[in-house]
2 protein chains.
Amino acid sequence: MKPQDRYLPPEVCREVGSVLECIGDKWTILVMRTLDGGSLRFSELRRSISGVSQKMLTATLRALERDGFVTRTVTPTVPARVDYTMTDLGREVMVPINALATWALRNQHRVSAARRSYDAKSARGK
Amino acid sequence: MKPQDRYLPPEVCREVGSVLECIGDKWTILVMRTLDGGSLRFSELRRSISGVSQKMLTATLRALERDGFVTRTVTPTVPARVDYTMTDLGREVMVPINALATWALRNQHRVSAARRSYDAKSARGK
DNA sequence: CTGCATCCCAATCGATACTG
DNA sequence: CAGTATCGATTGGGATGCAG
C-alpha cells in the first residue's frame, strides 16, 4: 500500500470534517450534553454552562439548529420564551460522542502523563 | 432534576474538552487516520494530505506527539529522515474516533438535508 | 427574556524565506 | 529533507449597547 493510496476521498474528509468541525468548537459538546438531559430555555442553558457568553451560546445553538441536532421553539409571550430541544438526530450523534467522551475520561491520566513527560523532556533539551 | 444539576463537573469538562480540542482541529483527524495505516515520513504525510501547509503539519504532529498519540523517530542521515508512528494510545483513541467518523459518513445526508432546509427557510424569512 | 449589531483584542493559519 | 521564523490576513470570541 503506497502512502498515496491512503488518501481519504475528499468527500469523506469534508463530510467527516464538517461534523467534527461543528462538534469540535468550544461550546458545542457542552451544550449538547446539557440539552441531552431534556429541553431547556435559553437562560437556563446559559446558567447551566458557566463561562459561555450570550453571543457564543446563540451562535452555537444556531449552528446546532441548522445541522438538525436541536430544535428552537419560540413562545411569543411577553417577554418571549425560547426552548431548545434535542432532535432524534441529535440524540443519535450523542452516542459516538459520548463514547469518545468516556474514552477521554478513562484515559485522561495517560494523556496528561504523556504531556508531562514531553514537557519535561523539552525543558531539559532546551 | 434542576438545570443546574446537569452541570458537568468542571474537571470532566476540562479533560473531555482537552481531548476533543486536540482532535477537533483542522488536520488532526486527517493525520491520525493517515498514520493509522502505518508509519510515514514527514514528506510522505505531507503528500498524502492535500492542502496541509508545512507549518500546520509540523504543529499538528508536535501536538500529537506531546499527547502520546504518535512517536517521532529521527534518523540522523544526511538529509535527515523523520518517521511518525501511531502509539498504542493513538490506536486506542482511533476506535471511538472512527465510530464518530462512521456515524458522520452514514448520516451526512441527513445533516446536509437539515442544512438545506434551514438555509431555504431563512432565505424566505429574510 | 432573547438575541442582534458593533467594536476590539487575541489566536489561528497560510505564504514565504531561511537554517541544519 | 525537515524543520524554524516572520509577516499579514482571517477568524474566534468577549464586552457592551440596543431592540423586539
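All heavy atoms count here, side chains included; hydrogens, waters and symmetry mates do not. Residue numbers start from 1 in every chain, and the chains themselves are labelled A, B, ... in the order their sequence lines are given, proteins ahead of strands. All values derive from a computational prediction rather than experimental measurement.
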| Do any side-chain nitrogens or oxygens of B:Tyr84 fall under 4.0 Å of OP1 or OP2 in D:dG3? | yes

| request: State whether B:Arg72 places a side-chain N or O below 4.0 Å from either non-bridging phosphate oxygen (OP1 or OP2) of D:dG3. | output: yes

| field | A:Asp88/A:Arg91 salt bridge by N-O under 4.0 Å criterion | value | yes

| task | Keeping the roles fixed (side chain from A:Ser117, backbone from A:Ala113), state whether a donor-acceptor pair exists under 3.5 Å. | result | no

| said: Go nucleotide by nucleotide along DNA chain C from the 5' end; which of B:Gln54 and A:Arg62 gets its closest nucleotide reached first? | reply: A:Arg62

| query | Can you tell me how far CZ of A:Arg72 sits from CG of A:Asp83, rounded to the nearest 0.5 angstrom? | reply | 10.5 Å

| field | Phosphate-side-chain proximity, A:Arg81 and C:dT2, N/O vs OP1/OP2 below 4.0 Å | value | no

| Whole angstrom value for the distance that separates C1' of C:dT2 from CG of A:Asp83 | 12 Å

| message | Does atom CZ (B:Arg106) have a neighbourhood of more than 12 heavy atoms from anything else shown, all under 6.0 Å? | response | no

| field | Minimum-distance nucleotide (side-chain atoms of B:Ser43 versus C:dC4, D:dC1, D:dG3) | value | D:dC1

| query | Are any of A:Arg41's side-chain N or O atoms less than 4.0 Å away from OP1 or OP2 of C:dG3? | reply | no

| query | Which heavy atom of B:Leu40 sits nearest a heavy atom of B:Thr34, and at what distance? | reply | CD1-CG2, 3.7 Å

| message | Can you measure B:Leu30 atom CG to C:dC13 atom P for me and round it to whole angstrom units? | response | 14 Å

| query | Rounded to the nearest Å, what distance is computed from the CG atom of residue B:Leu57 to the P atom of nucleotide D:dG3? | reply | 9 Å

| remark: When A:Pro79 and B:Pro79 are each assigned the nearest nucleotide of DNA chain D, the 5'-most assignment goes to B:Pro79

| message | Restricting to non-hydrogen atoms, name the atom on B:Ala101 and the atom on B:Arg33 that form the minimum distance, rounded to 0.1 Å. | response | CB-NH1, 2.9 Å

| field | Protein proximity profile, nucleotides 9-14 of chain D - base contact B, sugar-phosphate-only contact S, no contact -, cut-off 4.0 Å on heavy atoms | value | ----BB

